[in-house]
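Chain naming here is simple, since letters A, B, ... match the order of the sequence lines and numbering starts at 1 in each. Both backbone and side-chain heavy atoms feed into the values below; hydrogens, waters and symmetry mates do not.
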Protein chains: 2
Amino acid sequence: MRRIMLRVAYDGTEYVGWQKQDNGLAVEEALNRALSELTGEEISVIGASRTDSGVHSLGNVAVFDTDSRIPADKFCLAVNRYLPNDIVVRESREAAPDFHPRYAECRKTYEYTVYNSQIPNPLTGRYSYFVHYPLDVDAMDRAAEYLIGTHDFASFCSAGAQVKTTVRQIFALNCIADPPAPDRDATAENSPRFCGRVIIRITGNGFLYNMVRIIAGTLVQIGQGMYPPEKMKEILEAHDRTQAGPTAPPHGLVLKEIEYRLDPLP
Amino acid sequence: MRRIMLRVAYDGTEYVGWQKQDNGLAVEEALNRALSELTGEEISVIGASRTDSGVHSLGNVAVFDTDSRIPADKFCLAVNRYLPNDIVVRESREAAPDFHPRYAECRKTYEYTVYNSQIPNPLTGRYSYFVHYPLDVDAMDRAAEYLIGTHDFASFCSAGAQVKTTVRQIFALNCIADPPAPDRDATAENSPRFCGRVIIRITGNGFLYNMVRIIAGTLVQIGQGMYPPEKMKEILEAHDRTQAGPTAPPHGLVLKEIEYRLDPLP
């Protein structure tokens, strides 16, 4: 029996999320079906991040155990032939039999994309949150700084999460205005302005339920001028979900990468 | 009676193209319905570019005539409320009553996007053509130069086109490798290599049926090393469709912008 590790990309639009639900198809189910067809075994993957319905991925990690004699690095191309077009295995390799993608120490990077313009763009709508009031990205970036470090993020955790602790470490958090070549808006000299694309990039050792989306929703409110950047410190210290902003919609979120501290090699 | 000009963006995936067909909904039909609902008149738009099924737009132009008293610049936000999410009017203004978006002299810019990697990317698949063999973008760019200027483009025109002349002028044509931040491939030092995103950007005074997609298909063959860049000159001078490469798929193509030489103001 070998443990195979996969890096999995998917467009989350058509899925109920990573984890099996009653109301539709989950990404892990589609993967289980494809791997089972490929190997003739009953495969059950374990995922690193149980992304929500509508959230996308370029780098989620999953493992499964198999007796198949397919070389580890060949699973990638082989399983893609059995998968729908909106799920792609980007890499496969052997992992240690006791490597668990959810419990192993890691750094996860997410990107939340806001499309900030007066008029929506039908070619970016699937992968970004459309915000039609001007944003002050510098204010957002200053607010983001308060969250970097090890904190109790209870204010940024949706109810219903079953976790031992709401303490997490954020290594990096940036808000970047990315003037998109296709359709940059005419912008005023001073903030707030219509920024085109705003990317909120966050790296941490783990995230609570809806944490990235609540942080994004709060940063957008600050960008909008509803609160000054310093308000973020107050919200963090309140340990109270009702103090933070709304949960931003799922389709703006992409799980970009998971890096493990120790190489998961066998 | 006033003539209103619209700039129209759309995700072409779900449409049979700009023009009405028997086999599904056309973009112009969706616009006609929305404008008719808004104004209470029976509106019929005239489009500048009759894009094919699956082709996208950020800047197609359409005009229509109306007795409505809605201010010209307000049509944009008003009609978007009646349109599906994958069609967005980005601008509206008044135009001269005799302004015809198809016959007025203009420069049209299209972008054709190739996603060049060993493994597809489910987050770019809707708007790019996946090519899984390495490409030499410099060779593509050198080949592209032969097409710049005024030429008979009969080799790059699909059968079935009803046009008086196959002579067109190309003002600019570039092939640009755009290493995408999200998932750049490990690349070798020398060409050809996996380039990530390759953008073929073309500006001309008009394009024959499938012309941009046939140019893209031919450039990809040259990038793949099937022919040297100089082959493009031969193909152009043959005036024979069978000499050029295949018609690249529609979903990689975006109509970016149409600029009229004379302002269409009334």
Parallel, tilted or perpendicular, as decided by the 30° and 60° cut-offs, for the rings of A:Phe99 and A:Tyr260:
perpendicular

Taken to the nearest 0.5 Å, the spacing of B:Arg213 CZ from B:Ile215 CD1 works out to 12.5 Å

Considering only heavy atoms and a distance below 4.5 Å, find which of A:Val88, A:Asp11, A:Thr13 pairs most often with chain B.
A:Val88

Option in A:Ala9, A:Gly12, A:Pro120, A:Gly125 with maximal non-hydrogen atom pairs under 4.5 Å from chain B
A:Pro120

Side chain, backbone, both or neither: which part of A:Val89 has a heavy atom under 4.5 Å from chain B?
backbone

Aromatic contact between A:His56 and A:Tyr127, with the criterion being ring centroids under 6.0 Å apart: yes or no?
yes

With a 6.0 Å cut-off on the ring centroids, do A:Phe207 and A:Tyr110 count as close?
yes

Side chain, backbone, both or neither: which part of A:Asn85 has a non-hydrogen atom closer than 4.5 Å to chain B?
backbone

